[in-house]
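Each remark here refers to the structure printed beneath this line.
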There are 4 protein chains.
Amino acid sequence: MSVKQNIVEQSIRLFETKGFSETSIQDVVEALGVTKGTFYYYFQSKEQLLKEIHLMYIDELLKRQEQIIRRADINNKSKLMEIVRLLVNQIRENGRSARVFFREMRNLNPESAATVKQKRRTFRLNLQAIIEAGMREGEFRQDLRADLITFAILGMCNWSYNWFNPEGPATDEQLVETYMETLLHGMERLNKLTK
Amino acid sequence: MSVKQNIVEQSIRLFETKGFSETSIQDVVEALGVTKGTFYYYFQSKEQLLKEIHLMYIDELLKRQEQIIRRADINNKSKLMEIVRLLVNQIRENGRSARVFFREMRNLNPESAATVKQKRRTFRLNLQAIIEAGMREGEFRQDLRADLITFAILGMCNWSYNWFNPEGPATDEQLVETYMETLLHGMERLNKLTK
Amino acid sequence: MSVKQNIVEQSIRLFETKGFSETSIQDVVEALGVTKGTFYYYFQSKEQLLKEIHLMYIDELLKRQEQIIRRADINNKSKLMEIVRLLVNQIRENGRSARVFFREMRNLNPESAATVKQKRRTFRLNLQAIIEAGMREGEFRQDLRADLITFAILGMCNWSYNWFNPEGPATDEQLVETYMETLLHGMERLNKLTK
Amino acid sequence: MSVKQNIVEQSIRLFETKGFSETSIQDVVEALGVTKGTFYYYFQSKEQLLKEIHLMYIDELLKRQEQIIRRADINNKSKLMEIVRLLVNQIRENGRSARVFFREMRNLNPESAATVKQKRRTFRLNLQAIIEAGMREGEFRQDLRADLITFAILGMCNWSYNWFNPEGPATDEQLVETYMETLLHGMERLNKLTK
DNA sequence: TATGAATGAGTGTTCATTCAT
DNA sequence: AATGAATGAACACTCATTCAT
């Protein structure tokens with residue numbers, strides 16, 4: 001693996017454990033056995049490193065979301081499920097990066113933050129578009145605001161980075177199923193109605 | 001208002017805007033027109049101030065949750081709604097504190113963090129207990145894991161601090177209604193079933 | 001002497017010897033037996049220290065020049081001599097500051113440099129005004145450009161900071177006399193003309 | 001133009017604009033589109049580059065001064081004028097080099113500085129010798145100290161690098177004339193005497 | 001000839017904290 | 001109850017220089 005990739009890897013590990021502000025460049029280079037000069041040979045600043053980590057994460061998400069959106073063989077409900085799965089999987093597989101991504105955005109400088117925010121906004125609006133399409137096409141109820149539902153889904157999924165442990169008592173697939181079942185049919189007992 | 005209260009107030013404002021690590025004691029005392037010595041007369045350390053902010057927030061939440069739990073006049077579904085309302089209201093009314101609470105926990109020292117985490121855990125388990133009671137008493141479906149549902153609800157509500165703007169296009173009551181409607185009945189179109 | 005004054009004094013000594021860029025804050029505080037924190041308690045930056053040194057120097061010059069200009073008991077020729085004397089004396093008495101002043105202006109930030117340049121310009125134009133008055137009032141030749149003569153006088157005097165040593169073979173009063181004699185009557189032998 | 005010459009040219013430009021200490025080797029090589037290794041192939045150190053710039057400048061001055069001194073067809077007064085013209089022209093034509101020469105000598109290492117100082121001293125003593133010859137041969141007054149006069153002339157001319165702008169309101173020839181007229185005949189109005 | 005990677009010592013600056021008054 | 005002076009350890013970052021290729 002290249003020196004630059006090594007720096008990224010180690011710094012994600014340290015940023016996740018100690019936090020971005022609390023991790024010094026010294027910490028990063030010591031973990032790699034190189035010197036500060038080496039770090040600054042590959043990165044212009046500490047902030048630029050954080051920016052690269054953010055872009056790697058959000059660009060991957062957007063790429064995969066795009067693939068889901070383009071699929072013609074599945075309906076909007078399935079697309080929604082795929083996106084929920086995407087978000088949860090990403091947290092399971094790249095938990096460290098996910099936690100850095102969600103926690104450390106405030107440490108980007110204004111320009112980087114604007115770029116990242118724009119991409120996150122795109123991801124959100126793509127999801128909202130699926131829900132709106134599902135409403136138009138009769139898959140989803142039309143009496144709920146699509147924008148608020150979108151935030152609800154994102155909150156539900158993204159919050160997982162705070163607690164979800166792939167080695168814990170629930171698998172990520174169970175998580176996806178529970179989330180989808182709740183989102184689609186709700187938690188209220190229905191036989192009350194059918195009785 | 002006492003000097004100490006003033007310090008807390010100003011520091012919440014600054015911690016929310018700039019972040020805890022990025023706010024210096026100097027920033028805090030300058031905003032108040034006093035000197036650093038004054039700060040250290042009232043607080044042993046910067047971390048202790050953060051701890052107090054956290055405890056104020058979580059203790060208030062726990063107190064109100066306790067009041068909801070104790071009510072004998074409403075069923076579990078209504079208690080769930082009251083807790084969703086509590087979480088959303090708290091973000092609307094004490095947005096600054098909420099954001100500091102959710103973002104800056106990593107800056108507590110291990111002991112403070114343990115205390116706060118225990119209280120957050122209590123809040124979560126209290127919510128989970130309501131859901132489990134609702135399941136037992138026939139209000140909620142029994143085929144969903146209560147623990148995962150609890151995380152889903154908390155994620156949905158707490159995530160709001162990331163985007164919810166009380167002056168924006170949605171009121172907090174609309175938010176509560178959309179969240180509850182989704183949680184209880186789901187977003188799938190039901191007339192398919194009834195046909 | 002106050003700590004701040006001490007810092008100024010020591011740093012003038014070091015800036016003169018080693019140069020501003022080549023003198024570190026560490027050098028300054030070590031020479032005083034204090035720590036870097038102390039330096040930054042009194043100064044916002046290294047540049048601000050340099051700015052204060054510059055302003056002290058030029059403000060003193062301007063103040064004394066003003067006193068000369070206001071005198072009603074002497075003519076323009078005498079005022080010119082007093083200003084030459086002022087410049088040479090200042091170099092003799094505050095040689096270190098003079099050298100820092102003339103050499104290190106490029107290290108001021110743009111705003112500070114603008115302030116200092118404006119004051120130097122004022123000093124120069126004050127001198128030029130005396131020469132122009134002397135021309136109008138018949139003391140000086142009118143066939144020489146006052147602006148160029150002013151630069152010539154300033155160059156002659158200010159250059160002394162490069163070589164003049166008060167302990168050397170010429171006193172500052174001899175310097176003033178030679179400069180004035182040359183400026184007023186020139187170095188060409190006159191008896192050629194009168195013969 | 002050779003790579004080495006290019007480096008010299010660009011670095012004079014940068015040293016003049018930003019200062020020697022404030023210009024990094026990186027700045028120099030970036031301006032040329034080469035890498036640091038290239039620089040160190042042609043120069044042993046940053047200081048050696050500065051030394052070469054200094055030597056080029058002073059050697060050129062000394063060479064031209066030598067030519068003036070050797071002329072048998074003109075008297076000392078004319079030789080003085082030629083030297084004044086040489087100094088002013090040099091500033092007009094090689095302003096950048098001139099400014100680097102006058103400002104950055106302190107950044108030479110002791111040996112280089114000694115070499116350059118010796119050459120500057122030679123230039124000054126050569127000028128002083130002309131003045132002393134002029135005194136002996138009846139061209140100049142004998143009641144002024146030749147050493148101090150020499151410093152006065154050098155100051156007058158060299159100071160020009162601080163302000164003289166060839167595109168400004170005065171030409172270099174005007175400057176030479178004004179300086180020579182002042183130096184030879186002084187600025188005092190003579191008709192007082194002749195009346 | 002020229003490069004690219006790496007070093008190591010240094011820079012200006014920040015800041016939580018202490019403490020005599 | 002509050003101040004002002006001082007500390008010391010840390011921080012992000014720079015840069016002249018080296019050297020294998």
Side-chain angles (χ1 to χ4, degrees), chain A residues 2-4 7 20-29 32-50 107, chain B residues 2-4 7 20-30 32-50 107 109, chain C residues 2-4 7 20-29 32-50 107 109, chain D residues 2-4 7 20-30 32-50 107:
Chain A
S2 79
V3 175
K4 183 166 178 175
I7 292 176
F20 176 79
S21 294
E22 291 69 30
T23 302
S24 68
I25 300 298
Q26 193 60 40
D27 292 336
V28 174
V29 297
L32 283 157
V34 296
T35 58
K36 272 195 242 184
T38 302
F39 177 88
Y40 283 96
Y41 181 76
Y42 291 102
F43 296 93
Q44 285 155 33
S45 66
K46 192 185 176 189
E47 194 271 340
Q48 193 216 331
L49 165 60
L50 185 61
N107 291 300
Chain B
S2 78
V3 174
K4 184 167 177 173
I7 292 175
F20 176 79
S21 293
E22 291 68 30
T23 302
S24 68
I25 300 298
Q26 192 61 38
D27 292 335
V28 175
V29 298
E30 257 170 29
L32 283 157
V34 295
T35 56
K36 278 192 228 180
T38 305
F39 177 88
Y40 281 94
Y41 181 77
Y42 290 104
F43 296 92
Q44 285 155 33
S45 67
K46 193 185 176 188
E47 192 272 341
Q48 194 216 331
L49 164 61
L50 184 61
N107 291 299
N109 70 29
Chain C
S2 79
V3 174
K4 184 166 177 176
I7 292 175
F20 175 79
S21 294
E22 292 69 29
T23 302
S24 67
I25 301 297
Q26 193 61 38
D27 292 337
V28 174
V29 298
L32 283 157
V34 295
T35 57
K36 274 195 235 183
T38 302
F39 177 89
Y40 282 95
Y41 181 76
Y42 291 103
F43 296 92
Q44 285 154 34
S45 66
K46 193 184 176 189
E47 193 271 343
Q48 192 214 332
L49 164 60
L50 185 61
N107 292 299
N109 71 28
Chain D
S2 79
V3 174
K4 184 166 177 174
I7 292 175
F20 176 78
S21 293
E22 291 69 29
T23 302
S24 67
I25 299 298
Q26 192 60 38
D27 292 336
V28 175
V29 296
E30 257 170 31
L32 282 158
V34 295
T35 56
K36 277 191 228 181
T38 305
F39 177 88
Y40 282 95
Y41 181 78
Y42 289 104
F43 295 93
Q44 285 154 35
S45 66
K46 192 183 175 191
E47 193 271 341
Q48 193 215 333
L49 164 61
L50 184 61
N107 292 298

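Since we're looking at a predicted model, the values are computed, not measured. Residue numbers start from 1 in every chain, and the chains themselves are labelled A, B, ... in the order their sequence lines are given, proteins ahead of strands. Computed over heavy atoms, backbone and side chain alike; hydrogens, waters and symmetry mates excluded.
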* Side-chain donor/acceptor contact of Lys46(C) with base of dT13(E) under 3.5 Å -> no
* **Paired nucleotide for dA20(E) [Watson-Crick or G-U wobble; both distances under 3.5 Å]** => dT3(F)
* Is the distance from OP1 or OP2 of dC11(F) to the nearest side-chain N or O of Ser24(A) less than 4.0 Å? -> yes
* Does Val34(B) or Lys36(C) map to a spot on DNA chain F nearer the 5' end, using the closest nucleotide for each? -> Val34(B)
* Just to confirm, is there a sub-4.0 Å distance from OP1 or OP2 of dT7(E) to any side-chain nitrogen or oxygen of Thr38(A)? -> yes
* Determine: side-chain N/O of Ser45(D) to OP1/OP2 of dA16(F), distance under 4.0 Å, yes or no. => no
* To do: Measure the distance from CD on Glu30(B) to P on dG4(F) and round it to the nearest whole Å.
  => 12 Å
* Structure fact -> Between Glu47(A) and Phe39(B), the residue closer to the 5' end of DNA chain F by nearest nucleotide is Phe39(B)
* **Between P of dC15(E) and CD1 of Ile25(C), the distance in whole Å** => 17 Å
* Asked: Name the one of Tyr42(B), Phe39(B), Tyr41(B) that satisfies side chain to side chain contact (heavy atoms under 4.5 Å, CB included) with Lys4(B)?
  -> Tyr42(B)
* To do: For Gly37(D) and for Gln44(B), locate the closest nucleotide of DNA chain E by heavy-atom distance; then report the residue assigned to the nucleotide nearer the 5' terminus.
  => Gly37(D)
* When the distance from CZ of Phe43(D) to P of dT18(F) is rounded to whole Å, what number comes out? -> 15 Å
* Could you give the distance separating dT1(E) and dT21(F) at their P atoms, to the nearest angstrom? => 22 Å
* **Under-4.0 Å side-chain N/O to phosphate OP1/OP2 contact, Tyr40(A) with dC13(F)** => yes
* Structure fact -> Closest non-hydrogen atoms of Gln44(C) and Gln48(C), given as atom of the first, atom of the second and distance, are N-OE1, 2.6 Å
* Presence of Tyr41(C) side-chain N/O under 4.0 Å of dA6(F) phosphate oxygens OP1/OP2 -> no
* Rounded to the nearest angstrom, tell me the gap between atom CG in Asn109(B) and atom P in dT17(E). => 11 Å
* Asked: Atom CD of Gln26(D) to atom C1' of dC13(F): distance rounded to whole Å?
  -> 14 Å
* Report the base-pairing partner of dA9(F) (Watson-Crick or G-U wobble, both distances below 3.5 angstrom), or none. => dT14(E)
* Structure fact -> The single option from Leu32(A), Val34(A), Val29(A), Ile25(A) that satisfies side chain to side chain contact (heavy atoms under 4.5 Å, CB included) with Ile7(A) is Leu32(A)
* Asked: So what does Thr23(B) touch, heavy atoms closer than 4.0 Å: a base, only the sugar-phosphate, or nothing?
  -> sugar-phosphate
* To do: Answer yes or no: is there a side-chain heavy-atom contact under 4.5 Å between Asp27(D) and Glu22(D)?
  => no
* Asked: Rounded to the nearest Å, what distance is computed from the CG atom of residue Leu50(C) to the P atom of nucleotide dT11(E)?
  -> 17 Å
* At under 4.0 Å, does any side-chain N or O of Tyr42(D) touch on OP1 or OP2 of dT1(E)? -> no
* NA contact type, Ser2(A), heavy-atom cut-off 4.0 Å: base, sugar-phosphate, or nothing? -> nothing
* Has Lys46(B) got its NZ or CZ under 6.0 Å from the middle of the six-membered ring of Phe20(B), at an angle within 45 degrees of the ring axis? -> yes
